[in-house]
K.L.:
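The structure that follows is given in the form of structure tokens.
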Amino acid sequence: MSRLIFMNDRIVPEHEARVSVFDHGLLYGDGVFEGLRSYSGRVFRLDAHLDRLWASAKAICLTIPLSKEVVAQAVNDTLAANNLVDGYVRLIVTRGVGSLGLDPNRTRDPQVIVIADTIALYPKEHYEKGLRIVTAATQRVQSAALSPRIKSLNYLNNIMAKLEGLQAGCVEALMLNHKGEVAECTGDNIFVVRGGRLLTPPPDAGILEGITRNAVMELAHAAGIDCREATLTRHDLYTADECFLTGTAAEVIPVVDIDGRLIGSGVPGPITARLTRDFHALVRG
Ligand code: PXG
């Protein structure tokens, strides 16, 4: 089905939504993006996504040519134009057209694009039985090389790890940082439960600070579940009572097997179930 796409200042049919081959977003992956979701016609944490987009853009010295208010309106308008009530939104800002050289100063007209589509979820079975994941040999890129907190159009680091997961028959893969500590998965943050306490790696482990991650941490606090950021090793995961991943697309999804080690008794645990319920209530609330 043909979609309607927001491009800079108006909504156009998909076949008219075109980007130049000289756009540095294509040539160098020079740009930033967000993946958002709407539930019952309301975009979940739109402001947080816009703040993160603006922070990513600032970090790469990219000035977004529209205000947050205008982009927020564009997100809602694009969903409405496509008659989407429960939808997935991809918000992209490219560096714009430039010469065949890296120099971002020799580019113009950053492209602001909003795509709204239906959301492709993991099969229901994954949520009921839990995921099996493996550790990728591809490490998360070091912050000193490129901050993982920037949600850039450069996702090859994650894609290399995703390939490893897929080759092992898994839909997600665990990524460690350069120190061998647990960072996150290719498009999801990770949590474990140990002794009734919820643990997740801190931002300086080299992760994207997920908006779903933050929501789940808030829900844990509200439910009286002790939740803290902690440096985690694979040993901490293998010996955890429960494990789950969070992300805009996946929401909250249990993990029951990591590198062939069953997590807990190999079935999704009670704290994961509680936070999943609370998350569903929050997004629909
Ligand atoms: N870590 C990484 C590396 C991500 O890219 C998350 C964690 C989760 O963050 P949020 O804010 O969504 O809770 C992400 C974001 C997709 C897709 O289309 C999803 C992400 C990235 C790229 C594509 O499913 N997840």
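Quick note: numbers below take in every heavy atom, side chains included, and nothing from hydrogens, waters or symmetry partners. Order of appearance sets the numbers: ligands from 1, and atoms from 1 within every ligand.
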K.L.:
For ligand 1 and H49, I'd like to know whether there is a polar contact (N/O to N/O, distance under 3.5 Å).
P.N.:
no
K.L.:
Using a plain distance cutoff, I'd like to know if T248 has any nitrogen or oxygen under 3.5 Å from a nitrogen or oxygen of ligand 1.
P.N.:
yes
K.L.:
Going from CD1 on I271 to SG on C243, what distance comes out if it is rounded to the nearest 0.5 angstrom?
P.N.:
13.0 Å
K.L.:
Please indicate whether any nitrogen or oxygen in G187 is less than 3.5 Å from any nitrogen or oxygen in ligand 1.
P.N.:
yes
K.L.:
Assess the residue pair Q111 and N8 against the criterion (side chain to side chain donor-acceptor pair (under 3.5 Å)); give the C-alpha distance rounded to whole Å, side-chain angles, the decisive distance to 0.1 Å, and a yes or no.
P.N.:
CA-CA 6 Å; Q111 299 292 295; N8 303 310; 2.9 Å; yes
K.L.:
Going by distance only, is there an N or O of E184 that falls short of 3.5 Å from an N or O of ligand 1?
P.N.:
yes
K.L.:
Any chance the rings of F44 and F279 have centres within less than 6.0 Å?
P.N.:
yes
K.L.:
Does some side-chain heavy atom of V192 sit less than 4.5 Å from a side-chain heavy atom of L232?
P.N.:
yes
K.L.:
Do any heavy atoms of R90 fall under 4.0 Å from ligand 1?
P.N.:
yes
K.L.:
What is the nearest protein non-hydrogen atom to atom 5 (O) of ligand 1, stated with its residue, atom name and distance?
P.N.:
Y155 OH, 2.4 Å
K.L.:
Distance under 4.0 Å to a non-hydrogen atom of N158: what atoms of ligand 1 satisfy this?
P.N.:
3 (C)
K.L.:
Can you tell me how far apart CD1 (I159) and OG1 (T138) are? Round to the nearest 0.5 Å.
P.N.:
11.5 Å
K.L.:
Could a heavy atom of E209 be found less than 4.0 Å from some atom of ligand 1?
P.N.:
no
K.L.:
Dump the intermediate steps for side-chain contact (heavy atoms from CB on, under 4.5 Å) on R45 and D51, then the final yes or no.
P.N.:
CA-CA 10 Å; R45 304 224 161 156; D51 287 348; over 6 Å; no
K.L.:
Answer yes or no: is there a side-chain heavy-atom contact under 4.5 Å between E181 and D236?
P.N.:
no
K.L.:
For ligand 1, which atoms sit closer than 4.0 Å to a heavy atom of T212?
P.N.:
10 (P), 13 (O)
K.L.:
Is there side-chain contact between R42 and S40, with heavy atoms separated by less than 4.5 Å?
P.N.:
no
K.L.:
Is the shortest N/O to N/O distance between R213 and ligand 1 below 3.5 Å?
P.N.:
no
K.L.:
Looking only at heavy atoms, is any part of F33 under 4.0 Å from ligand 1, and if so is it the side chain, the backbone, or both, or is it neither?
P.N.:
side chain
K.L.:
Would you call E251 and R37 a salt bridge, taking side-chain N to carboxylate O under 4.0 Å as the test?
P.N.:
yes
K.L.:
Please check whether R140 reaches ligand 1 - meaning an N/O of the residue sits under 3.5 Å from an N/O of the ligand, judged on distance alone.
P.N.:
no
K.L.:
Output the list of atoms in ligand 1 that are nearer than 4.0 Å to some heavy atom of K151, sorted by atom number.
P.N.:
4 (C), 5 (O), 14 (C), 15 (C), 20 (C), 21 (C), 22 (C), 25 (N)
K.L.:
Tell me, do V256 and L262 make a side-chain contact under 4.5 Å, heavy atoms counted?
P.N.:
no
K.L.:
Y88 versus ligand 1: do any nitrogen or oxygen atoms come within less than 3.5 Å of each other?
P.N.:
yes
K.L.:
Are H49 and E34 close enough that a side-chain donor and a side-chain acceptor fall under 3.5 Å?
P.N.:
yes
K.L.:
Can you list the atoms of ligand 1 that are under 4.0 Å from a heavy atom of G210?
P.N.:
9 (O), 10 (P), 11 (O), 13 (O)
K.L.:
Need the ligand 1 atom indices (1-based, order shown) with element for anything under 4.0 Å from a heavy-atom of A249.
P.N.:
24 (O)
K.L.:
Looking at ligand 1, would T186 count as a contact under a 4.0 Å heavy-atom criterion?
P.N.:
yes
K.L.:
Is there a polar contact, in the sense of an N or O pair closer than 3.5 Å, between I211 and ligand 1?
P.N.:
yes
